[in-house]
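A short worksheet on the structure shown next.
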Amino acid sequence: MNKDFIQYQAQTTPHPLGLEVIDAKGSYVYTSDGQKHLDFVAGVSATSLGHCYPAVIKAIKEQADKYLHVMVYGEYAQAPAVEFSKLLAQNLPNPLNKVYLVNSGTEAIEGSLKLARRATRRTQILAAKNAYHGNTMGSLSLMNFEERQKPFRPLVGDVDFIEFNNEEDLNQITEKTAAVILETIQGGGGFIQPKNNYLKKVKARCEAVGALLILDEIQPGFGRTGKLFGFENYEVVPDIMAIGKGMGGGLPVGAFVASEELMDLLSDKPKMGHITTFGGNPLVAAACHATLKTILETALMAETLEKEKRFRELLVHPLINEVRGKGLMLAAIVDSEEIANQVILDCKEKGLILFWLLFEKRAVRITPPLTISMEEIEEGCGIIIDVLNKIKNNA
């Protein structure tokens, strides 16, 4: 299968990990060589409830027997999308009460940017250095890495950059600014949390000059940080929120959320100010509803913080400088990029799935399903420590 994978599927890197997947259940991925792999990545934070969670599979199967795609987004009332949007809005603080469903996180970012410019009639977007919001042209324009931007220029204009957690840079937010867009917790930059009420100060500055605050909750959202959304840990409410990844239980989805007043601007002048064919797809929306309902009705969010504590207790080693992040959005920062690479690749051979972060090369990503058990955490951390011991002894 790997031969055909390389020949017929476009690749994202020259050296993909190449596991030949034949099955996945709970916290494990099974491969064609008969091996099982404990999953500490969850499809890069996407399979919130683990692989093939029964309630999600049941919702998908029941919806598949009724109907699939029937109309482009926003024309027909379809129960799965309506029920999910209603449940989500009911569990969000005001004024986040209207949902626009799309197909991915990066599309949610694109819609958020359009909405901010439409609402403010301004053009400048301020993004953070070391941020990652996706790879479509608008999202790529928010990334200040010349190596990644240069091959695709010209990008979307009037984007400038501030440093995350740098309060002096807030002076760059002015009456010319349409929106400031930030990850609630910086992902690709190293799982960096806001400090000293930083997000509250950004929001206050935005309000002072009439700009909007967009928070990217694509990675920390849906219970991963011990709250339904990461911003709830920092006593701030964005004007626009972008979500994705973990909201669909493993199916491709995204959304952006704002007030009714803001969101209604996309329906007129011009009509169809934003449009998608497959956004709100009934099969995907059914999975979203089952995922959200499970997260809200179980103890998973509270358990996330207990599981974080156990990870921190176990991941103590001379080669680990720190464990960053919150809840089950964690990254072990080791001494060098070379060590991070070796840990990830050696753990793969021992049946543990880990992954990289985009920009922080010393990081080992640890974002397991929220459903992971304490025993599985201990099993996986044992493998990591064993690999680190071998690296240290061979140095």
Kindly indicate whether the side chain of Asn166, heavy atoms from C-beta on, has any atom under 4.5 Å from the side chain of Lys129.
-> no
Are any of the side-chain heavy atoms of Pro252 and Asn281 separated by less than 4.5 Å?
-> no
Could you walk me through whether Ile372 and Asp39 pass side-chain contact (heavy atoms from CB on, under 4.5 Å), step by step?
-> CA-CA 9 Å; Ile372 196 165; Asp39 189 355; over 6 Å; no
Answer yes or no: is there an ion pair linking Lys390 with Asp386, defined by an N-O contact shorter than 4.0 Å?
-> yes
Leu296 and Tyr53: same hydrophobic cluster, using ILVMFWY side-chain contacts below 4.5 Å?
-> yes
Does one hydrophobic cluster hold both Leu212 and Val209, with members joined at side-chain heavy-atom distances below 4.5 Å?
-> yes
Within-4.5 Å side-chain heavy-atom neighbours: Leu370 and Met301 = no
Give, for atom CG of Leu182 and atom CG of Leu213, the distance between the pair rounded to the nearest 0.5 Å.
-> 6.0 Å
Which residues share a side chain to side chain contact (heavy atoms under 4.5 Å, CB included) with Gln9, sequence neighbours left out = Phe5, Gln11
Is the count of non-hydrogen atoms from other residues, nucleotides or ligands lying under 6.0 Å from Lys227 atom NZ greater than 12?
-> no
For Glu235, look at atom CD and say whether over 12 heavy atoms of other residues, nucleotides or ligands are found less than 6.0 Å away.
-> no
Residues pairing under ring pair (Phe, Tyr, Trp, His ring centres under 6.0 Å) where one sits in residues 348-385, two or more places apart or in two chains, turn out to be Phe145-Phe359
Any chance NZ of Lys348 has more than 12 other-residue heavy atoms, nucleotides or ligands included, within less than 6.0 Å?
-> yes
Pair Leu300-Thr371, side-chain contact (heavy atoms from CB on, under 4.5 Å): steps then yes or no | CA-CA 7 Å; Leu300 284 173; Thr371 50; 4.1 Å; yes
Trace of the side-chain contact (heavy atoms from CB on, under 4.5 Å) decision for Leu92 with Asn97 = CA-CA 7 Å; Leu92 286 171; Asn97 57 16; over 6 Å; no
Set of side chain to side chain donor-acceptor pair (under 3.5 Å) partners for Asp33, sequence neighbours left out | Thr31
Does a side-chain heavy-atom distance below 4.5 Å link Leu96 with Pro238?
-> yes
Not counting sequence neighbours, which residues clear side chain to side chain donor-acceptor pair (under 3.5 Å) with Glu360? List them please.
-> Arg362
Can you pull the ring pair (Phe, Tyr, Trp, His ring centres under 6.0 Å) pairs that have at least one residue in residues 20-51, sequence neighbours excluded?
-> Phe40-Phe311
What residue pairs, at least two apart or across chains, pass ring pair (Phe, Tyr, Trp, His ring centres under 6.0 Å) with a residue in residues 175-219?
-> Phe164-Tyr198
Within one Ile-Leu-Val-Met-Phe-Trp-Tyr cluster: Leu357 and Tyr132, side-chain cutoff 4.5 Å = no
Given the rule in the side-chain contact (heavy atoms from CB on, under 4.5 Å) test, do Ile192 and Asn130 qualify, once you have shown the distances and angles that lead to the verdict?
-> CA-CA 10 Å; Ile192 299 169; Asn130 298 324; 6.0 Å; no
Does the side chain of Glu337 reach to within under 4.5 Å of the side chain of Asn341, using non-hydrogen atoms?
-> yes
Please report, to 0.1 Å, the donor-acceptor pairs under 3.5 Å made by any side chain of residues 319-328, with sequence neighbours excluded.
residue: Asn321; atom: ND2; partner: Val334; partner atom: O; Å: 3.2
residue: Asn321; atom: ND2; partner: Asp335; partner atom: OD1; Å: 3.4
residue: Glu322; atom: OE2; partner: Arg324; partner atom: NE; Å: 3.1
residue: Glu322; atom: OE2; partner: Arg324; partner atom: NH2; Å: 3.4
residue: Arg324; atom: NH1; partner: Gly190; partner atom: O; Å: 3.3

Enter the distance from Asp346:CG to Ile391:CD1 here, rounded to the nearest 0.5 Å.
-> 6.0 Å
Below 4.0 angstrom, N of the basic side chain to O of the carboxylate: do Glu62 and Lys66 qualify?
-> no
Sequence neighbours left out, what passes side chain to side chain donor-acceptor pair (under 3.5 Å) with Glu175? Give chain and number order.
-> none
Salt bridge Lys150-Glu146, side-chain N to carboxylate O under 4.0 Å = no
Give a yes or no on whether Met143 and Leu215 share a hydrophobic cluster (residues Ile, Leu, Val, Met, Phe, Trp, Tyr; joining criterion: side-chain heavy atoms under 4.5 Å apart).
-> no
Gap separating the SG atom of Cys381 from the CD atom of Glu379, nearest 0.5 angstrom = 10.5 Å
Check the hydrophobic clustering (I, L, V, M, F, W, Y; side-chain heavy atoms under 4.5 Å; chains of links allowed) and say if Leu262 and Ile275 are grouped together.
-> no
Hey, are the side chains of Ile295 and Leu49 touching, using non-hydrogen atoms and a 4.5 Å cut-off?
-> yes
Could you list the donor-acceptor pairs under 3.5 angstrom formed by side chains in residues 108-118, with sequence neighbours left out?
residue: Glu110; atom: OE2; partner: Thr136; partner atom: OG1; Å: 2.6
residue: Glu110; atom: OE2; partner: Gly138; partner atom: N; Å: 2.9
residue: Glu110; atom: OE2; partner: Ser139; partner atom: N; Å: 3.0
residue: Ser112; atom: OG; partner: Ala108; partner atom: O; Å: 2.8
residue: Lys114; atom: NZ; partner: Gly273; partner atom: O; Å: 2.9
residue: Lys114; atom: NZ; partner: His274; partner atom: ND1; Å: 3.0
residue: Arg117; atom: NE; partner: Thr123; partner atom: O; Å: 2.9
residue: Arg117; atom: NH2; partner: Thr123; partner atom: O; Å: 2.8
residue: Arg117; atom: NH2; partner: Gly157; partner atom: O; Å: 2.9
residue: Arg118; atom: NE; partner: Lys269; partner atom: O; Å: 3.3
residue: Arg118; atom: NH2; partner: Asp268; partner atom: O; Å: 3.4

Gap between atom CG of Leu140 and atom OG1 of Thr106 - 0.5 Å precision = 9.0 Å
Residue set satisfying side chain to side chain donor-acceptor pair (under 3.5 Å) with Tyr234, at least two apart, ordered chain then number -> Gln193
Non-neighbouring partners of Tyr67 that pass ring pair (Phe, Tyr, Trp, His ring centres under 6.0 Å), sequence neighbours left out = none
Inspect the surroundings of NZ in Lys195 and state if more than 12 heavy atoms from other residues, nucleotides or ligands are less than 6.0 Å away.
-> no
Validation row: Leu19, Gln35 side chains within 4.5 angstrom (heavy atoms) | no
CD1 (Ile384) and CD1 (Ile366) are apart, to the nearest 0.5 Å, by 4.5 Å
Does atom CE of Met272 have more than 12 heavy-atom neighbours from other groups under 6.0 Å away?
-> no
Ion pair present between Asp158 and Lys176, side-chain N to carboxylate O less than 4.0 angstrom?
-> no
Measure the shortest side-chain to side-chain distance between Val253 and Phe84 over non-hydrogen atoms and say whether it is less than 4.5 angstrom.
-> no
Over 60° means perpendicular and under 30° means parallel, so classify the ring planes of Phe222 and Phe229, tilted if in between.
-> perpendicular
Got a sec, which pairs hit side chain to side chain donor-acceptor pair (under 3.5 Å) with one end in residues 72-88, sequence neighbours left out?
-> none
Considering only NZ, NE, NH1 and NH2 on the basic side and carboxylate oxygens on the acidic side, decide whether Glu375 and Arg310 come within less than 4.0 Å.
-> no
Look at atom CD of Glu147 and say whether more than 12 heavy atoms of other residues, nucleotides or ligands are closer to it than 6.0 Å.
-> no
Hey, what do you get for CD1 (Ile214) to CD (Glu183), rounding to the nearest 0.5 Å?
-> 13.0 Å
